[in-house]
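Have a look at the structure below before the remarks.
Proteins get letters first, then strands, A, B, ... in listed order; numbering begins at 1 in each.
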4 protein chains.
Amino acid sequence: MTDAPRRRGAERTDAIMLTTLELGREIGYARLSIEAVAARAGVGKHTIYRRWSSKGALLLDSLLSLNESGLDYPDTGDIAADLRAQIYAAVDLLGGPPFGPLFQALVGEAQHDRQVAVTLNERFIAPQADKTVARLKAARDQGQVAPDFDLELAMAILSGPLYFQLLITQEPLTHEYVDRVLDALFAGLRPS
Amino acid sequence: MTDAPRRRGAERTDAIMLTTLELGREIGYARLSIEAVAARAGVGKHTIYRRWSSKGALLLDSLLSLNESGLDYPDTGDIAADLRAQIYAAVDLLGGPPFGPLFQALVGEAQHDRQVAVTLNERFIAPQADKTVARLKAARDQGQVAPDFDLELAMAILSGPLYFQLLITQEPLTHEYVDRVLDALFAGLRPS
Amino acid sequence: MTDAPRRRGAERTDAIMLTTLELGREIGYARLSIEAVAARAGVGKHTIYRRWSSKGALLLDSLLSLNESGLDYPDTGDIAADLRAQIYAAVDLLGGPPFGPLFQALVGEAQHDRQVAVTLNERFIAPQADKTVARLKAARDQGQVAPDFDLELAMAILSGPLYFQLLITQEPLTHEYVDRVLDALFAGLRPS
Amino acid sequence: MTDAPRRRGAERTDAIMLTTLELGREIGYARLSIEAVAARAGVGKHTIYRRWSSKGALLLDSLLSLNESGLDYPDTGDIAADLRAQIYAAVDLLGGPPFGPLFQALVGEAQHDRQVAVTLNERFIAPQADKTVARLKAARDQGQVAPDFDLELAMAILSGPLYFQLLITQEPLTHEYVDRVLDALFAGLRPS
DNA sequence: CTATAAACGAGACGGTACGTCCGGTCTTGCA
DNA sequence: TGCAAGACCGGACGTACCGTCTCGTTTATAG
């Protein structure tokens, strides 16, 4: 109720995550140190270690704290339009500042920190995949998607090319790129 | 040729890269330090810094030293079979030891070391993309691929789902997975 | 009286001091921390800080709790024999476990904690000095000690060589050493 | 010859010891930290740890670096006068600033650091004891000291009372105190 | 066949950060 | 209300590597 002289648990947790994002944006997430976050947040290092087991875990929570709502799908009845809209949103979120660099850093961490990889999947990738699958299922029932399309692969096929652009070629993720990918995926490689 | 008392330039370079791979396999590429490589290789740290500007660069060269031949495409006239064969080879290479962990570590590095990202693309990704595009172009000319298929996207669309599996979900890359992806990509999402 | 679910004041104080001695004996009084004592004693840190202002103060009280009776002098009429007996007792007490190490630690603390030094003198050294002086005074009145002997120096001269052995050379304090010191002190350096 | 841009070995060692003394004098040897010495000396912490295994060892070397010559005995032929002169010198050195507090701190360290105790004896106490014994032996041969005086005890008996004053009662070590102690020791307790 | 220069191993060095431990203060919630 | 439990800030610990920098010591090429 009051602006207590000492912030308690949750408030402190939030303050640390905000400082992480702020400092990360300033000096880059690679150069980020728990030491520096603690100093900037006016917090003992142990207070951070008590909450997160590694820099990756802290980064991950800081990322998720910014996106608690998730990326929800519209359902206008037109699957192509809905997918495009949702992917536009995802790309706008993850393709540029402030999220892009943070997300890149996180996936980097995930390559050498199993725990980060697991948590990233559980809390970010899987929920998004579930939504995608649900929306595609509805579309398939309406005859807008090939009836034999392998829904389990949906997330990999739809977002794989985008992750490739983000992580490997590291070129900008534009709406135009999304359009081209979607067009190609809908059409398929096989000549009609 | 001989186990000379003092190895010369190229031999030393090779020895360092071998030690990097060996030590990386033992303790993980993330925990690898130039200090440790130097000690294990019986080499001064400066001798490593003289050759590589960063751990990422060393890792990258060590990776490439294992795969000087590259992944060549077969051309049997059947694009679906050829793609499958080539991707099998790629997946066999990058999906397990010794390449998989090293490649993962490298992509991790690439997320916070621009130079590694650029070089990884130039020396590993781009050549493979070129070969893929060339093979698809031939297939398109033979009518085995949709004439309006966007060749620039080929690499992203074909390998994106595999990278997604390797880097994000971090689940095993099996031939069966490759088959399913190829089937889906050839068919497209749109109902026929 | 009872092993009540919650012990009260004095019992708790004793329990903390016992834990201090016990833990100190195990890991050494130097490595002792108030944190560890609190944990071992099943007591909040604050409960210790409420009673003692520093580790030195806690150590000091723990020492005194072991020696509430003090070292009393015999008075057989033979000053040399009485001094020897009393110093034997002191040396037996301070020369070995459990007192020796604790006393050493306390003198260590006293070198950088004024309060410990002052209290150690008031509650341990001074009473012993007073008894020594009183016994020597009686002996002097009986003609057993040189009439011009400087009684103020008695404690320093008699126990100084023992403290030197305990604190500086850190060699065992034996009865034989005490005998030699007393012989030398009674005889004096000057040739007769 | 030149004021080299990078100081080497010995110079750095000296600089660290000087900083230790300087900082110790300012904030007290108890509050001294290797961290702070390193920062003040503009030196990496490891450079200190490479040379000294503990704060006590650093303190000890810093002390000894100020007293490389040792305390030499005069030999005027009058043992009482010579002892007095030498003890005056020792007391002037160790009884007050800048040595006194440092020496006190060192003896404090010696109570919980065996290595410090051993080295303190080997490099400071023992040499002084040797000189004392040598001078007393000469005096004894000249008939100035009781022929049966136990020379092995010389150091303990002569300096014990002074250490008692320095470490236990922690009262000022004055020349007057030295005179009284020497008088008492020469006279002995026994009535003549 | 030396003389000179380059490359080298070894590792010291100033730094930065690590993850841990304690000191001493303050808060919470149970009994 | 008094206490255990322990969160909290702060500071130091001792260690690991970073990338730079001497050291002497080979090694190999140019005179």
Side-chain angles (χ1 to χ4, degrees), chain A residues 4-13 15-16 27 31-39 41-55, chain B residues 4-9 11-13 15-16 31-39 41-55, chain C residues 4-9 12 16 31-39 41-55, chain D residues 4-13 15-16 31-39 41-55:
Chain A
R6 285 261 167 155
R7 294 160 300 163
R8 290 197 269 129
E11 286 176 57
R12 224 175 298 246
T13 302
I16 293 167
I27 64 171
R31 252 159 309 178
L32 200 66
S33 68
I34 289 185
E35 191 114 16
V37 172
V43 138
K45 283 201 284 178
H46 189 51
T47 301
I48 297 185
Y49 283 112
R50 197 180 293 124
R51 288 167 164 74
W52 297 279
S53 60
S54 68
K55 176 175 141 181
Chain B
R6 286 269 163 148
R7 295 155 301 167
R8 289 196 272 131
E11 286 177 56
R12 220 174 302 243
T13 302
I16 292 166
R31 253 160 309 182
L32 203 64
S33 68
I34 289 185
E35 193 113 13
V37 172
V43 137
K45 285 202 287 176
H46 192 54
T47 302
I48 296 185
Y49 283 111
R50 198 180 291 124
R51 288 166 165 74
W52 297 278
S53 60
S54 68
K55 174 176 142 180
Chain C
R6 287 267 164 149
R7 293 154 304 164
R8 290 195 275 131
R12 219 178 301 252
I16 293 167
R31 253 160 308 184
L32 204 64
S33 68
I34 289 185
E35 193 112 17
V37 171
V43 136
K45 286 203 287 177
H46 192 55
T47 302
I48 296 185
Y49 282 111
R50 198 179 293 126
R51 288 167 165 77
W52 297 278
S53 61
S54 69
K55 174 175 141 180
Chain D
R6 287 257 167 159
R7 294 160 301 163
R8 289 197 271 128
E11 286 175 56
R12 224 173 299 245
T13 302
I16 292 167
R31 254 159 307 179
L32 201 65
S33 69
I34 289 186
E35 191 114 14
V37 172
V43 138
K45 284 202 283 179
H46 189 51
T47 301
I48 297 185
Y49 283 112
R50 197 180 293 125
R51 289 167 164 74
W52 297 279
S53 60
S54 69
K55 177 174 141 180

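- Ile48(C) places its CD1 atom 18 Å from the P atom of dC26(E), with the value rounded to the nearest Å.
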Any N/O pairs under 3.5 Å between the protein and nucleotides 13-16 of chain F? List them or say none.
{"from": "dC13(F)", "atom 1": "OP1", "to": "Ile34(D)", "atom 2": "N", "distance (Å)": "3.0"}
{"from": "dC13(F)", "atom 1": "OP2", "to": "Ile34(D)", "atom 2": "N", "distance (Å)": "3.4"}
{"from": "dC13(F)", "atom 1": "OP2", "to": "Glu35(D)", "atom 2": "N", "distance (Å)": "2.8"}
{"from": "dG14(F)", "atom 1": "OP2", "to": "Tyr49(D)", "atom 2": "OH", "distance (Å)": "2.6"}
{"from": "dG14(F)", "atom 1": "N7", "to": "Lys45(D)", "atom 2": "NZ", "distance (Å)": "2.9"}
{"from": "dG14(F)", "atom 1": "O6", "to": "Lys45(D)", "atom 2": "NZ", "distance (Å)": "2.7"}

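- Listed here is the closest heavy atom pair of Arg51(B) and Thr13(B): NE-OG1, 2.6 Å.
- Applying the side chain to side chain donor-acceptor pair (under 3.5 Å) rule to Ser54(D) yields the partners Asp113(D); only residues at least two apart in sequence or on another chain are considered.
- Contact check, Arg51(D) against dA12(E): no side-chain N or O comes under 4.0 Å of OP1 or OP2.
- In this entry the distance linking CH2 of Trp52(A) with C1' of dC18(E) reads 18 Å, nearest Å.
- Between Glu11(D) atom CD and dC23(F) atom C1' there is a gap of 16 Å when expressed in whole angstrom units.
- One atom, CZ of Arg31(D), and another, C1' of dG11(F), lie 14 Å apart when rounded to the nearest Å.
- Gly44(A) approaches Ala38(A) most closely through the heavy-atom pair C-CB, 4.3 Å.
- Not counting sequence neighbours, the partners of Arg31(D) by the side chain to side chain contact (heavy atoms under 4.5 Å, CB included) test are Ile27(D).
- The side chain of Thr47(C) places no N or O atom within less than 4.0 Å of a non-bridging phosphate oxygen (OP1 or OP2) of dC3(F).
- Partners of Lys45(A) under the salt bridge (Lys or Arg N to Asp or Glu O under 4.0 Å) rule, at least two apart in sequence or in another chain, are Glu35(A).
- For the OP1/OP2 pair of dG11(E) and a distance below 4.0 Å, the side-chain nitrogens and oxygens of Arg50(D) include no atom meeting the criterion.
- Shown here are the side chain to side chain contact (heavy atoms under 4.5 Å, CB included) partners of Ser53(C), two or more places apart in sequence or in another chain: Ala57(C).
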